[in-house]
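Here is the structure we will look at.
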Amino acid sequence: MLLLGIESTCDETAVALVKDGQIVLAESISSQSDLHAVYNGVVPELACRRHIDVLVPLLHETLQRAQCSLSDVDALACATGPGLVGALLVGWCAAKTLAIALRKPMIPVNHVEAHLYAAMMTSQTQTLDCTNSLGLVLSGGHTLFLHIEHFGKYSLIGQTLDDALGECFDKVAVMLGLTYPGGAKLEALAKSGDPDTFPLPLPKIKGRPYDFSFSGLKTAFMHLIAKLGGPNALTSCDRGDLAASFQKTAVNAIATVVERYLKASKDKPQRLFLGGGVTSNQALRRRLQTLCVDLEVHFAPRELCVDNAVMIAGLGYHCRHRSIDAAKNLAVRARWPLTEV
Ligand code: KG4
Ligand code: ZN
């Protein structure tokens with residue numbers, strides 16, 4: 001079964017053709033980071049306009065790369081939430097139009113569930129075995145810790161109460177003079193630094209052992225830079241040490257919560273699936289691999305950690321029972337908790 005996937009939830013526009021949930025025939029992706037870098041974050045109105053400009057050319061490019069035509073497509077899968085409403089509407093409009101014109105099913109896909117699926121994709125065949133597992137989605141917009149009873153049945157263990165982890169990486173990166181999105185650039189800078197130079201406070205939330213908070217860490221980092229004489233006074237050595245110290249604390253914040261949960265859980269989970277842009281971070285990967293020795297740990301392949309349409313088309317195959325008649329007015333969802341998929 002060949003699915004055409006469309007992703008436009010935030011600042012990446014992507015189209016992919018994926019067979020049976022796993023075999024990638026082609027993908028085209030267009031990042032908008034150049035557009036938003038000057039604002040140090042995503043400007044929704046600009047994001048929508050760019051999605052409109054690039055979506056149809058990306059569609060043609062993907063079909064051409066796969067040597068396919070639209071008549072080969074069996075169903076459309078589109079990320080219909082969560083995300084920026086205007087951005088979602090662009091992808092949804094394209095998918096809906098194609099579904100109606102081609103008389104094919106349209107499958108609405110939850111973008112966050114797709115980040116988890118990206119971690120399942122390479123290790124699974126036709127059946128998804130994620131019974132009694134844990135999921136961590138760490139991206140620019142989300143920081144979620146989930147229990148997966150089985151595929152499609154999720155419960156929330158914890159989440160961030162303020163900034164998402166990727167957002168915190170991006171803001172701290174800007175303080176170090178790096179351009180948006182700064183997560184991967186901060187990781188590269190951290191390689192030259194000593195993570196023990198600047199101790200930063202580990203976020204703690206009274207009475208909520210499995211939730212996260214990153215705004216305090218961000219503020220502590222801002223004060224630390226001020227104490228060092230401001231951004232212009234930093235040497236390149238300071239910048240490396242600062243990046244490494246921040247990264248160590250951010251990774252510890254995630255690892256501490258996972259460790260606490262594993263210690264407390266009676267029914268030991270079997271696997272941990274990790275997806276979202278931040279899970280491509282090598283320091284995070286190493287730390288969680290070491291921590292979760294008794295679990296199978298599945299990271300999304302690095303190229304599928306950030307937003308992409310492969311994970312949308314891939315998950316769409318497994319969600320084909322959720323398909324809807326595109327002519328009936330399906331709405332996009334800015335918020336779409338995984339408990340409601
Ligand atoms: O999953 P994603 O594309 O976006 C959302 O769905 O929100 O993730 C993008 C986020 C950005 O905040 C980016 O800075 C961060 O992932 N990121 C990283 C790394 N690569 C991307 N953060 C830390 N280390 C990385 N290597
Ligand atoms: Zn995402």
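Note that ligands are numbered from 1 as they come in the structure, with each ligand's atoms numbered from 1 the same way. This one's a predicted model, so the numbers in the text were calculated from it and none came from an experiment. If you read the sequence from its start, that first residue is 1, and numbering goes on from there.
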Any residue meeting side chain to side chain contact (heavy atoms under 4.5 Å, CB included) with R285, in chain and number order, not counting sequence neighbours: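 Testing R285 for side chain to side chain contact (heavy atoms under 4.5 Å, CB included), a comparison that skips the adjacent residues, returns Q282, F299, R302, C305.
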All side chain to side chain contact (heavy atoms under 4.5 Å, CB included) counterparts of A188, not counting sequence neighbours: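 A188: no side chain to side chain contact (heavy atoms under 4.5 Å, CB included) contacts found.
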[X] and ligand 1 - part of the residue with a heavy-atom distance under 4.0 Å:
{"X": "H111", "value": "side chain"}
{"X": "C305", "value": "backbone"}
{"X": "H115", "value": "side chain"}
{"X": "D307", "value": "both"}

For the rings on [X] and [Y], is their centre-to-centre separation under 6.0 Å?
{"X": "H318", "Y": "Y117", "answer": "yes"}
{"X": "Y261", "Y": "F145", "answer": "yes"}
{"X": "Y180", "Y": "Y39", "answer": "no"}

contact_flag C10 ligand 1 heavy-atom lt 4.0 Å: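 So C10 does not count as touching ligand 1.
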Considering only protein heavy atoms, which is closest to [atom], and at what distance to one decimal place?
{"atom": "atom 14 (O) of ligand 1", "value": "D170 OD1, 2.5 Å"}
{"atom": "atom 18 (C) of ligand 1", "value": "G183 CA, 3.6 Å"}
{"atom": "atom 9 (C) of ligand 1", "value": "G140 N, 3.8 Å"}
{"atom": "atom 24 (N) of ligand 1", "value": "N281 ND2, 3.1 Å"}
{"atom": "atom 1 (O) of ligand 1", "value": "G277 N, 3.0 Å"}
{"atom": "atom 26 (N) of ligand 1", "value": "E187 OE1, 2.7 Å"}

Nearby protein N/O/S atoms (those under 2.8 Å) for the Zn ion (ligand 2), with water ignored: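 Near the Zn ion (ligand 2), the protein supplies H111 NE2, H115 NE2, D307 OD1.
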Atom indices of ligand 1, in the order listed, that fall short of 4.0 Å to a heavy atom of S280: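 Near S280, meaning under 4.0 Å from one of its heavy atoms, ligand 1 has 19 (C), 20 (N), 25 (C), 26 (N).
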Donor + acceptor pair across side chains of H150, D129 (<3.5 Å):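 Note: H150 and D129 side chains miss the donor-acceptor criterion.
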Can you tell me if [atom1] on [X] sees more than 12 non-hydrogen neighbours from other groups inside 6.0 Å?
{"X": "K19", "atom1": "NZ", "answer": "no"}
{"X": "Q289", "atom1": "CD", "answer": "yes"}
{"X": "K268", "atom1": "NZ", "answer": "yes"}

Full working for side-chain contact (heavy atoms from CB on, under 4.5 Å) between Q247 and N281: CA-CA 9 Å; Q247 183 173 263; N281 185 289; 2.9 Å; yes
Closest non-hydrogen atom pair, L136 against V258: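 Nearest pair, atom of L136 first, then V258: CD1-CG2, 3.8 Å.
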Geometric N/O contact V306 with ligand 1, under 3.5 angstrom: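 No, no N or O pair falls under 3.5 Å.
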Test of proximity, G166 against ligand 1: N or O pairs below 3.5 Å: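 So ligand 1 has an N or O lying under 3.5 Å from an N or O of G166.
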Under 3.5 Å: donor-acceptor pair, side chain of D20, backbone of Q22: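 Looks like no, no N/O pair under 3.5 Å.
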Residue pairs fulfilling side-chain hydrogen bond (donor to acceptor under 3.5 Å, both in side chains) with at least one residue in residues 165-177, sequence neighbours excluded: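 Listed once each, the pairs are E167-K171.
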